[in-house]
Amino acid sequence: MDDVQPKFLLIDADEQICGSCLDAEGVFVEAPEDDEHVTVEILGCLPSQRMRDYLSGSKRYRQRNPLGLEALRMLDMAGSPLAEFWVGEIIDWRPSPLGRERVDLVARWGEDNPSARARHVWERWRTARPDRINQWAGYVGTDREEWLTVARHNSRWRTGHPDRPSGRTCDLDGTYVTDEASFYLAIGEAINGPGGYFGCNLDALNDCLRGRFGAELPFTLVWHHSHIARESVAFSFEGAGANSTYFDVIRAIFEEHGVDIVLR
């Protein structure tokens with residue numbers, strides 16, 4: 001194994017690394033049509049011994065000793081995990097021009113791949129993770145939604161850490177909360193700091209408030225500039241009762257979990 005920093009790791013169902021890879025083409029694609037098989041080309045993969053045996057073995061050997069690939073793990077510039085995407089069966093491989101011991105692989109792809117239109121958001125995270133709040137504020141529309149998707153993927157490696165103790169006060173900066181996605185970006189950072197995640201829809205918010213996502217109940221949420229969300233997230237929410245808005249439902253969910261909300 002050489003010491004060149006990989007961009008991706010191939011992971012099997014047992015969370016073992018099957019190969020470290022220098023790049024991949026076809027990671028960012030548009031959603032496939034029904035039943036359409038999409039592939040990803042994984043470049044400069046330095047295989048583990050198990051993968052090397054698999055690739056060099058006979059068809060019968062591969063049938064008896066399946067590799068069991070599970071995910072393509074994206075790494076940031078520091079080599080830390082950023083996200084994982086489903087990857088399926090390897091359908092082709094060849095020696096790689098990127099290194100004598102490396103191979104280029106073609107594998108099945110396309111169940112949860114990121115959109116080609118959002119590549120710049122992922123590259124922003126990969127090259128420089130958020131180090132202060134509201135760095136998403138310059139994005140609009142689907143780009144904010146994709147920032148939230150990256151935060152959700154990345155939260156996998158934040159879970160498992162103890163929740164911060166109950167009784168603390170969290171400050172939500174509502175300056176840029178002008179739509180649903182921006183609310184979840186702001187609450188994620190209020191609870192877990194820059195780039196933090198604390199739900200991406202109402203069901204996920206409920207789940208996060210049950211623990212293991214950074215906040216032990218009860219706590220106080222100070223929502224600064226709350227009037228912006230009150231006006232911009234004021235659309236009616238079906239099933240929430242007469243004259244209830246999305247903003248009202250968010251408040252009700254917090255209150256049901258014992259969160260003290262201070263609107264400022």
Do F85 and W122 make the cut of ring centroids closer than 6.0 angstrom? yes
Whether E15 and R156 form a salt bridge (side-chain N of Lys/Arg under 4.0 Å from carboxylate O of Asp/Glu) is what I want to check. yes
Looking at E101 and R52, is any side-chain nitrogen of the basic one under 4.0 Å from a carboxylate oxygen of the acidic one? yes
Checking side chain to side chain contact (heavy atoms under 4.5 Å, CB included) for the pair L10/I17: CA distance, chi angles, key distance, verdict? CA-CA 6 Å; L10 278 168; I17 297 173; over 6 Å; no
Is any side-chain heavy atom of [X] less than 4.5 Å from a side-chain heavy atom of [Y]?
{"X": "P97", "Y": "D104", "answer": "yes"}
{"X": "N154", "Y": "W125", "answer": "yes"}
{"X": "P114", "Y": "R119", "answer": "no"}
{"X": "V121", "Y": "W136", "answer": "no"}
{"X": "Y184", "Y": "L205", "answer": "yes"}
{"X": "V27", "Y": "L72", "answer": "yes"}
{"X": "L105", "Y": "D92", "answer": "no"}
{"X": "R168", "Y": "E216", "answer": "no"}

Looking only at non-hydrogen atoms, find the nearest pair between [X] and [Y] and report the distance.
{"X": "E146", "Y": "S115", "answer": "OE2-N, 4.4 Å"}
{"X": "R50", "Y": "C18", "answer": "NH1-SG, 4.0 Å"}
{"X": "F254", "Y": "I187", "answer": "CZ-CD1, 3.9 Å"}
{"X": "A204", "Y": "G199", "answer": "CB-CA, 3.8 Å"}
{"X": "G19", "Y": "C21", "answer": "O-SG, 4.0 Å"}
{"X": "A107", "Y": "V87", "answer": "CB-CG2, 3.6 Å"}

Output yes when a side-chain donor or acceptor of [X] lies under 3.5 Å from a complementary backbone atom of [Y], and no otherwise.
{"X": "E84", "Y": "R73", "answer": "no"}
{"X": "N113", "Y": "F28", "answer": "no"}
{"X": "W109", "Y": "G26", "answer": "yes"}
{"X": "Y197", "Y": "L185", "answer": "no"}
{"X": "S48", "Y": "M51", "answer": "yes"}

All ring-ring contact (aromatic ring centres under 6.0 Å, His included) counterparts of Y139, not counting sequence neighbours: W147
Please identify each residue that fulfils ring-ring contact (aromatic ring centres under 6.0 Å, His included) with W93, with sequence neighbours left out. none
Quick check for you: to the nearest 0.5 Å, what is the distance between [X] atom [atom1] and [Y] atom [atom2]?
{"X": "C170", "Y": "E189", "atom1": "SG", "atom2": "CD", "answer": "13.0 Å"}
{"X": "C45", "Y": "L9", "atom1": "SG", "atom2": "CG", "answer": "9.0 Å"}
{"X": "E256", "Y": "N206", "atom1": "CD", "atom2": "CG", "answer": "7.0 Å"}
{"X": "I90", "Y": "T39", "atom1": "CD1", "atom2": "OG1", "answer": "12.5 Å"}

Go through H153 and M74 one step at a time and tell me if the side chain to side chain contact (heavy atoms under 4.5 Å, CB included) criterion holds. CA-CA 10 Å; H153 274 275; M74 181 186 291; over 6 Å; no
Which donor-acceptor pairs under 3.5 Å do side chains of residues 61-71 form with protein atoms, sequence neighbours excluded?
unit_1	atom_1	unit_2	atom_2	d
R62	NH1	G57	O	2.6
N65	ND2	Y61	O	3.0

For [X], salt bridge (charged side-chain N to carboxylate O under 4.0 Å, His left out) partners two or more places apart:
{"X": "R129", "value": "D76"}
{"X": "E41", "value": "R94"}
{"X": "D207", "value": "R210"}

Can you name the residues that form a side-chain contact (heavy atoms from CB on, under 4.5 Å) with [X], not counting sequence neighbours?
{"X": "R251", "answer": "R230, F247, E255, I261, L263"}
{"X": "N192", "answer": "R158, R164, F198"}
{"X": "D14", "answer": "D12, Q16"}
{"X": "T178", "answer": "R144, S182, I228, S232"}

With clusters built from Ile, Leu, Val, Met, Phe, Trp and Tyr whose side-chain heavy atoms come within less than 4.5 Å, directly or transitively, what are the remaining members of the cluster of I91, listed by chain and number? V106
Please determine whether side chain to side chain contact (heavy atoms under 4.5 Å, CB included) holds for the pair T127 and M77, giving the CA-CA distance in whole Å, both sets of side-chain angles, and the decisive distance to 0.1 Å. CA-CA 6 Å; T127 56; M77 295 289 284; 4.3 Å; yes
With a 4.5 Å cut-off on side-chain heavy-atom distances among I, L, V, M, F, W and Y, is there a chain of contacts connecting [X] to [Y]?
{"X": "V4", "Y": "L43", "result": "yes"}
{"X": "L148", "Y": "Y176", "result": "yes"}
{"X": "I133", "Y": "L172", "result": "no"}

Above 12 or not: heavy atoms from other molecules or residues under 6.0 Å from CZ of R117? no
Can you give the donor-acceptor pairs under 3.5 Å from side chains of residues 217-227 to other protein atoms, not counting sequence neighbours?
unit_1	atom_1	unit_2	atom_2	d
H224	NE2	D171	OD1	2.8
S226	OG	R264	O	3.0

Verdict with reasoning, L209 to V259, per side chain to side chain contact (heavy atoms under 4.5 Å, CB included): CA-CA 9 Å; L209 284 164; V259 176; 4.0 Å; yes
